[in-house]
Amino acid sequence: MEDLSDRTGLDLHQSCLVLTSQEIPREIRRLLGENLPVRALQLKGLQITEVEEIFKTKGAFWGSTGDLHQLVESYAGNPLALNIAFNKIDKLFDGNISEFLNQKTLVFGEINQLLKEHFKCVSDTENMIIEWLAGNSQPASLSELRSQISPAISTPQLLDALESLQERSLVEKNAYLFSVSPMIREYINQQLIQNKINFNIKQRQRPSQKYRSITTREKSKLSFNIPALPVVKQQG
């Protein structure tokens, strides 16, 4: 990869190479620049007008403009997630966007699986940041994140993790504020609840310390030797 990036990014040629990736490779990152031959373009979420065009191809949908805005914002304009949601709205709610939003459930089935695949590559540091942002309804500045999460992670780790999360569209940045989309927030909260349930189940299945102590004491009480009884012969 490094040899390829150097040849295409530094040597003079008339070719064009397009690479797609969830995250910018390290070999490419050092060659990036607004006025350099190598540039990175991040795909943004779909806009309302673009989503309306998708609606026309998917079937008959109805709802207010506010409903459509809320739907797009909930999925951060993610085309794959929106397409899955469209299918659900069409099959279960007869195209009624408002009725779907009333369920207050954004993550299900294929969307849950999609996010699960994304989060397989999330590091412990990145996961700590996402969980903190998901637990706060308001966007947070870098200094607020640093004050809340440090010293659990260092400032260099925080900066690197935020950059990586933003590139993968797991964290959104508006001006100098960071946040997660409603879809990401719901997924994280679902995982936290499920982890707590699993922990409680394991705790109930594990014998308590008090029970083990009682068992040990009972065993010690029962562990004694019974002396052999003398054999008495009857006289004939």
Side-chain angles (χ1 to χ4, degrees), residues 1-2 5 9 17-48 50-51 69-85 106-107 110-192:
M1 169 63 80
E2 188 170 356
S5 61
L17 176 64
V18 179
L19 297 176
T20 59
S21 175
Q22 286 187 346
E23 193 169 4
I24 301 175
R26 176 179 52 82
E27 297 84 0
I28 300 294
R29 191 185 301 277
R30 61 188 177 83
L31 301 174
L32 294 176
E34 287 295 327
N35 299 316
L36 295 176
V38 181
R39 303 177 189 180
L41 302 175
Q42 186 174 13
L43 294 178
K44 302 293 184 180
L46 297 176
Q47 301 300 312
I48 296 296
E50 297 167 329
V51 175
H69 274 270
Q70 184 180 343
L71 182 67
V72 176
E73 289 176 1
S74 296
Y75 291 107
N78 185 299
L80 180 55
L82 282 169
N83 188 58
I84 296 171
L106 301 172
V107 179
E110 294 176 70
I111 294 179
N112 183 75
Q113 190 60 38
L114 175 68
L115 291 173
K116 187 178 294 185
E117 291 297 321
H118 276 296
F119 275 85
K120 283 182 178 179
C121 301
V122 172
S123 67
D124 292 339
T125 299
E126 293 167 345
N127 196 62
M128 190 182 302
I129 295 171
I130 295 178
E131 285 186 5
W132 191 89
L133 289 172
N136 292 268
S137 57
Q138 298 299 322
S141 64
L142 178 59
S143 49
E144 185 177 0
L145 276 169
R146 190 165 53 228
S147 65
Q148 294 294 328
I149 299 179
S150 294
I153 59 176
S154 65
T155 300
Q157 287 178 313
L158 177 62
L159 296 176
D160 290 342
L162 278 173
E163 183 178 18
S164 176
L165 290 170
Q166 188 184 351
E167 286 179 358
R168 286 177 282 167
S169 300
L170 293 174
V171 165
E172 300 175 356
K173 186 175 84 71
N174 185 8
Y176 59 90
L177 297 176
F178 297 90
S179 63
V180 294
S181 68
M183 175 181 64
I184 298 293
R185 178 177 291 108
E186 182 177 312
Y187 176 79
I188 291 296
N189 290 334
Q190 283 182 0
Q191 296 304 305
L192 291 175

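Any value given below was found using the heavy atoms of this structure, including those in side chains, with hydrogens, waters and symmetry copies removed. Nothing here was measured: the structure is a model prediction, and the numbers come from that model. Throughout, numbering of the chain's residues begins at 1 and tracks the sequence.
The closest donor-acceptor contact from the side chain of Lys120 to the backbone of Val122 lies at 3.5 Å or more, if one exists at all. In terms of modelled atom types and a separation under 3.5 Å, the side chain of Tyr176 and the main chain of Ala140 share no donor-acceptor contact. With Glu131 contributing its side chain and Met128 its backbone, the two residues share no donor-acceptor pair below 3.5 Å. Judged by distance alone, with hydrogens and angles left aside, the side-chain atoms of Glu126 form a donor-acceptor pair with the main-chain N or O of Ser123 at under 3.5 Å. Side-chain atoms of Glu50 come within 3.5 Å of backbone N or O of Gln47 as a donor-acceptor pair. Judged by distance alone, with hydrogens and angles left aside, the side-chain atoms of Ser164 form no donor-acceptor pair with the main-chain N or O of Asp160 at under 3.5 Å. The main-chain N or O of Val171 is never found under 3.5 Å from a side-chain atom of Gln166 such that the two would form a donor-acceptor pair. In this structure, Asn136 contributes its side chain and Gln138 its backbone to no donor-acceptor pair below 3.5 Å.
Note that CD of Gln113 and CG of Leu115 are 9.5 Å apart. Values are rounded to the nearest 0.5 Å. Put simply, OG1 on Thr125 and CD1 on Ile153 are 5.5 Å apart, with the number rounded to the nearest 0.5 Å.
We find that Lys44 and Glu172 are not joined by a salt bridge, their nearest charged nitrogen and carboxylate oxygen being 4.0 Å or further apart.
Between Tyr187 and Lys116, some side-chain heavy-atom pair lies under the 4.5 Å cut-off. Ser179 has its side chain out of reach of Asn174: every pair of non-hydrogen atoms, C-beta onward, lies at least 4.5 Å apart. The closest side-chain heavy-atom distance from Cys121 to Arg168 is below 4.5 Å. Side chains of Leu142 and Leu162 form a contact here, defined as non-hydrogen atoms less than 4.5 Å apart. Contact annotation: the side chain of Asn78 never approaches that of Leu82 to less than 4.5 Å [non-hydrogen atoms, C-beta and beyond]. Residues Gln148 and Leu145 fail the side-chain proximity criterion, which asks for heavy atoms closer than 4.5 Å.
Side-chain atoms of Glu144 and Ser147 include no donor-acceptor pair closer than 3.5 Å. In this model, a donor atom of one side chain and an acceptor atom of the other lie less than 3.5 Å apart for Ser143 and Ser141.
Closest approach of Phe119 to Leu170, counting heavy atoms only: CE1-CD2, 4.2 Å. Taking all atoms of both residues into account, the shortest heavy-atom contact from Arg185 to Leu133 is NH2-O, 3.9 Å. Contact record, Gln190 with Asn112: OE1-OD1, 4.1 Å, taken as the closest heavy-atom pair. Taking both residues in full, the closest heavy atoms of Ile129 and Ala161 are given as CD1-CB, 3.5 Å, listed atom of the first, atom of the second, then distance. Across all their heavy atoms, Leu106 and Glu186 have their closest contact at N-OE2, 2.9 Å. Between Leu46 and Pro79, the shortest heavy-atom distance links the atoms CD1-CB, 3.7 Å.
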- Message: Pair Val107, Ile184 - check side chain to side chain contact (heavy atoms under 4.5 Å, CB included), show working.
- Response: CA-CA 9 Å; Val107 179; Ile184 298 293; over 6 Å; no
